[in-house]
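Worksheet: the structure to be examined is printed underneath.
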Amino acid sequence: MGLGRISKKKWIYYPVTFYVNLIRNIPLILVIFWFYFVMPIIVGRPMDPFPSAVISFIVFEATYFGEILRAGFQSVSRDLIQAGYSTGLTYWQTTRYLLVPIAFRRMLPSMITQSIVTYQDTSLAFVIGLPELVRRTAIVDGLEVRSIQLFGFVAVVFFITCYLGSIVSRRFEVQRERGF
Amino acid sequence: MIEIRDMSKWYGDFQVLSRINEVIHRGQTVVVCGPSGSGKSTLLRCINGLEPFQEGEVLVDGVSVSDPSTNLYKLRQKIGMVFQRFELYPHMTALQNITLAPLKVKKKTREEAGKKAMELLARVGIPDKADSFPANLSGGQQQRVAIARALAMEPEVMMFDEPTSALDPEMIKEVLDVMINLAKGGMTMVVVSHEMGFAREVADEIIFMDEGKIIERGTGEEFFKNPKSERTKDFLSKILI
Ligand SMILES: Nc1ncnc2c1ncn2[C@@H]1O[C@H](COP(=O)(O)OP(=O)(O)OP(=O)(O)O)[C@@H](O)[C@H]1O
Ligand SMILES: [Mg+2]
């Protein structure tokens, strides 16, 4: 996806760019709805919530991760790559030792942040009846009527996992400010 | 060492270089100056095949750069290049920056490459910075690492593209001193620079470019004292305040 967006070949660049812009301007919840309710009409048979939610997430998040990849690769300047070439490195050597490692280091913080967002978004699968964490809680809540404690617990679980993630992410960002 | 014959280059419809002719002999230092956008950087990139050109010929040590059968990777090993913005690899230490190409291209052993890199760092005056990352070095130090990186491939020619124009004034001298030593040590050099003090001291020839053409060329004093064209006079009066 990310590579398609930096492609010089028009027949790759334009369709991919169109797709990325389309998906990025639609809320995730709509994509989930689409796959669950519209795809069966097209395919002709009903879909299970789980594969359908997974496909929605892949379709949706691929565009975001793709954009992160693109930004990462484009952050490596042409002159830096040419500096590699000027010492006699080959195309593959510059890609392997310069372009890829530098780009990945630069995109790591956004990658982690986006992973956190994706993880939080799993709760949206609720809308098509998939029993993810929030949904399961709602079921238990229906049985036990202790909403505050239950949803409080779920919030704490989300908070801890995401907070750990953002700490890791911030460490990489600090590293980046040191010149990456 | 370098021979450019009637070389022209276009970016689309825009002609960046037109009919460039130039011969640079082994051991010579040629300084190229000229206003922004005149094609100086493009000229350097055509010499080591980073940019293709459409007409004419460039020979480096008798090998044609535009000949499809020329191995450009091999050719570039002979031509070191130093950039305006240093372009050090940010994820590697100074030492790793210098040893990458010797290790991967020349297949030297880690010991050999490391030893040579330390010698070069000493030569550019920063032997204590081997393990520093570029972000922790001053501009002048980064540029000196960049010079050491280029020298590590034992090139026959060194090209510099405005090596001091991104530096604070107090750091310019430390970089120029390294370059002057190189030139006096017999290195063949092509230097894009507006440091006229440097040009006076070491240049065997000074070239003035404008709009993709070589407008004027001369040896040190002659170039400054009696510029023939109005454009050169005008340009010199702007940079020699
Ligand atoms: N990749 C490119 N595509 C199109 N035009 C380009 C490209 N690179 C450079 N140019 C144009 O070519 C001309 C010469 O550029 P070049 O960088 O060689 O100039 P320069 O003499 O080095 O200038 P400066 O002093 O600003 O570095 C400029 O007008 C520039 O806009
Ligand atoms: Mg330039």
Side-chain angles (χ1 to χ4, degrees), chain A residues 2-3 6-11 13-14 65 68-113 168-180, chain B residues 41-42 44-45 47-51 71-93 96-107 132-137 142-143 145-155 157-162 166:
Chain A
L3 295 178
I6 47 180
S7 175
K8 287 194 188 90
K9 299 199 177 72
K10 285 197 166 81
W11 62 272
Y13 177 80
Y14 284 109
F65 280 101
I68 295 173
L69 280 169
R70 177 181 68 89
F73 281 108
Q74 285 184 339
S75 76
V76 182
S77 77
R78 197 181 70 126
D79 277 3
L80 189 123
I81 296 302
Q82 294 200 336
Y85 283 136
S86 74
T87 59
L89 294 176
T90 62
Y91 176 78
W92 283 112
Q93 288 170 329
T94 19
T95 305
R96 171 159 171 222
Y97 300 112
L98 305 179
L99 179 64
V100 171
I102 296 171
F104 268 94
R105 254 162 250 242
R106 286 182 182 161
M107 62 179 94
L108 211 52
S110 336
M111 281 282 187
I112 295 171
T113 309
V168 175
S169 159
R170 198 158 320 132
R171 279 200 44 186
F172 282 112
E173 262 166 47
V174 169
Q175 205 179 44
R176 183 186 164 147
E177 270 157 26
R178 286 207 240 105
F180 275 103
Chain B
S41 303
T42 310
L44 293 192
R45 287 180 162 81
I47 294 175
N48 68 356
L50 288 173
E51 285 285 349
N71 182 346
L72 281 178
Y73 297 127
K74 264 225 139 64
L75 185 92
R76 289 191 195 118
Q77 295 176 30
K78 287 197 263 188
I79 312 173
M81 186 158 178
V82 174
F83 295 76
Q84 184 172 1
R85 304 219 45 91
F86 331 130
E87 309 301 343
L88 293 183
Y89 317 138
H91 59 312
M92 296 183 182
T93 62
Q96 290 167 331
N97 264 274
I98 299 170
T99 55
L100 181 70
L103 288 174
K104 303 301 172 192
V105 179
K106 288 206 163 161
K107 311 283 182 207
S132 303
F133 282 92
N136 300 326
L137 296 174
Q142 288 190 54
Q143 194 61 299
V145 173
I147 294 173
R149 176 176 70 186
L151 290 173
M153 290 301 284
E154 294 163 340
V157 183
M158 283 287 281
M159 302 201 295
F160 297 80
D161 191 356
E162 305 198 41

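So that the names make sense, note that chain A is the first sequence line, chain B the second, and so on, each numbered from 1.
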Open item on the list: So for B:Leu88, is it side chain, backbone, both, or neither that comes closer than 4.5 Å to the heavy atoms of chain A?
Closed with: backbone
TODO: Using a 4.5 Å cut-off on heavy atoms from C-beta on, say whether the side chain of B:Pro90 contacts that of A:Arg106.
DONE: yes
Open item on the list: What part of A:Arg96 gets within 4.5 angstrom of chain B, counting heavy atoms only: side chain, backbone, both, or neither?
Closed with: neither
Open item on the list: Does any backbone or side-chain atom of B:Glu154 lie under 4.5 Å from a heavy atom of chain A? Answer side chain, backbone, both or neither.
Closed with: neither
TODO: Indicate the atoms forming the closest heavy-atom contact of B:Tyr73 with A:Tyr91, along with that distance.
DONE: OH-N, 3.2 Å
Task: Option in B:Arg85, B:Lys78, B:Lys104 with maximal non-hydrogen atom pairs under 4.5 Å from chain A - done: B:Lys104
Open item on the list: Minimum heavy-atom separation for B:Gln77 and A:Thr87, please, with both atom names.
Closed with: CG-O, 4.4 Å
Task: B:His91 to A:Leu98 - nearest heavy-atom pair and separation - done: CE1-CD2, 4.0 Å
TODO: Could you look at A:Gln82 and say if it's the side chain, the backbone, both or neither that has a heavy atom under 4.5 Å from chain B?
DONE: both
- [ ] First locate atom OG of A:Ser86, then atom CG of B:Asp161, and finally report the distance between them rounded to the nearest 0.5 Å.
- [x] 11.0 Å
Open item on the list: Quick check on B:Met81 against chain A: is it the side chain, the backbone, both or neither that has a heavy atom closer than 4.5 Å?
Closed with: both
Task: Which atom of B:Leu50 lies closest to which atom of A:Tyr85, heavy atoms considered - done: CD2-CB, 3.6 Å
Open item on the list: To check you understand the geometry: which heavy-atom pair defines the closest contact between B:Val105 and A:Gly88, and what is its length?
Closed with: CG2-O, 3.5 Å
- [ ] State, to 0.1 Å, how close A:Leu89 and B:Ala101 come at their nearest heavy-atom pair, and which atoms those are.
- [x] CD2-CA, 4.1 Å
